[in-house]
Amino acid sequence: MTAPARLPDAASLEAVLAGLHPASADAALLPALAASFPGFEFGFAQIDDDYWRDTRSVIRPDGTRLGELRPWMMAELAKENGDASAVWKRLKETDLQITEWRGTSAFVSAPTGPGAADYVQIALGREIEWRAGRIVNPDYRPWGEEELLDPGWPRTDQLPDSDRLAGPVYRLLGRAGGAVVHVRSFLDRCDRVERGKREAKRPELERRVIREVGPGGTRETPFLEAVPDYFGFVPRELRFFQDWEESSARPQRVFAQWALDIRDYTHKGEREVGFIPRPLRSPKERLLMTPDASVHLLMERIEAVDREIGLPFGWFFLMTHGHWVDPDVGLAIAQGLKAQRVRLPDPDAGVLLRWADRTYGF
């Protein structure tokens, strides 16, 4: 395969997605991307995290569309001088219905080099439009106009296929600036932003002292003497990939096991950059620390987790994720390593002990 000529960009991706026909979108997605971006080997992963878009339409039972719900309903309210009850009384006698778009997250990734972070990730939504229900709930009088403009009552966990109106369609998910990222470049950005934040505090921290009062009097310690590595802090996002590179997980690609829920935005003048890793494979049960669990039993259980998800040292990264493996499990095994009661492969032992010395998680 030829080397990639250019990285995917949002505008080009949107053009590719717009050209997919709903009847064949699932099968055609990767070939269409490969044709538009030669040299990339794209892979696809879908995550079961249902969401609803705020775009809804008003339709008749035969499918005739009358318009988008919010502007259409605003016009109906205007006819009744803003009286939500009057609108409800009139509409509950009609057979009008509303639609809604339901989606699940999907991620397309492709390597750009041999390193753990050398890949591009594209965050997509796979969405289907459904007939959600009647335009108003005939058994519930709304308190105000917002309940007509944004109704929550029609939703059910599962709708019959007969209520499926359109899709699937794929679209880029905004995800706070993280729809399309080259992960290596994104990690550089995380590091740069974090360093900038800390450097901005240097003048203040150089003046700050920690004051301790005890029997022998008052002792003052400059903050930077008490925390000498403050400016050497490594963001958790970088540590995640460093640990992958230096552990038994390295032969596998990160994107084969994890999707990154990326954020990059400014809030109250403060730049926020980072990601939350989301496992593509997870064990059937959580591994929690219990008072009677010996370190040898924990070793058996982490090995079972690795076999279940098909990733050496995979339990460690599930632990940093913070849900599937209790961090206390990692601390207990680290203590067992120090006491020479258990063993891990040397690279994994080094990664775990480093984590235990300064833990991080998502």
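Here, residue 1 is the first one in the sequence, and each next residue gets the next number.
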Checklist entry - Who else is in Tyr230's hydrophobic cluster (ILVMFWY, side-chain heavy atoms under 4.5 Å, direct or via others)? => result Leu205, Ile210, Phe223, Leu224, Val227, Phe231
Next on the checklist: Starting from Tyr140 and following side-chain heavy-atom contacts under 4.5 Å between hydrophobic residues (I, L, V, M, F, W, Y), which residues can be reached?
Outcome noted: Trp143
Checklist entry - Can you find a heavy atom in the side chain of Leu149 that is under 4.5 Å from one in the side chain of Arg70? => result yes
Next on the checklist: Any non-hydrogen side-chain atom of Glu237 less than 4.5 Å from a side-chain atom of Leu260?
Outcome noted: no
N/O donor to acceptor pairs below 3.5 angstrom from side-chain atoms of residues 335-350, sequence neighbours left out:
from   : atom 1 : to     : atom 2 : distance (Å)
Asp348 : OD1    : Ser248 : N      : 2.7
Asp348 : OD1    : Ser248 : OG     : 3.1
Asp348 : OD2    : Ser248 : OG     : 2.7

Checklist entry - Quick one: are Ile333 and Val329 in side-chain contact, heavy atoms under 4.5 Å? => result yes
Checklist entry - Listed by chain and number, what are the side-chain hydrogen bond (donor to acceptor under 3.5 Å, both in side chains) partners of Arg236, not counting sequence neighbours? => result none
Checklist entry - At what distance, to the nearest 0.5 angstrom, does CG of Leu7 lie from CZ of Phe37? => result 9.5 Å
Item to check | Side chain to side chain, Gln242 and Arg354, heavy atoms closer than 4.5 Å | outcome: yes
Item to check | Listed once per pair and sorted, the side-chain hydrogen bond (donor to acceptor under 3.5 Å, both in side chains) pairs that draw on residues 313-326, sequence neighbours left out | outcome: none
Would you list the atom pairs, donor with acceptor, under 3.5 Å between side chains in residues 113-120 and any protein atom, with sequence neighbours excluded?
from   : atom 1 : to     : atom 2 : distance (Å)
Asp118 : OD1    : Arg184 : NE     : 3.0
Asp118 : OD1    : Arg184 : NH2    : 3.4
Asp118 : OD2    : Gly115 : N      : 2.8

Next on the checklist: Taking the side chain as everything from C-beta on, heavy atoms only, tell me whether Asp50 gets closer than 4.5 Å to Arg102.
Outcome noted: no
Next on the checklist: For Arg219, I'd like to know if atom CZ has over 12 heavy atoms of other residues, nucleotides or ligands within 6.0 Å.
Outcome noted: no
Next on the checklist: To the nearest 0.5 Å, what is the distance between CH2 on Trp101 and CG on Leu165?
Outcome noted: 8.5 Å
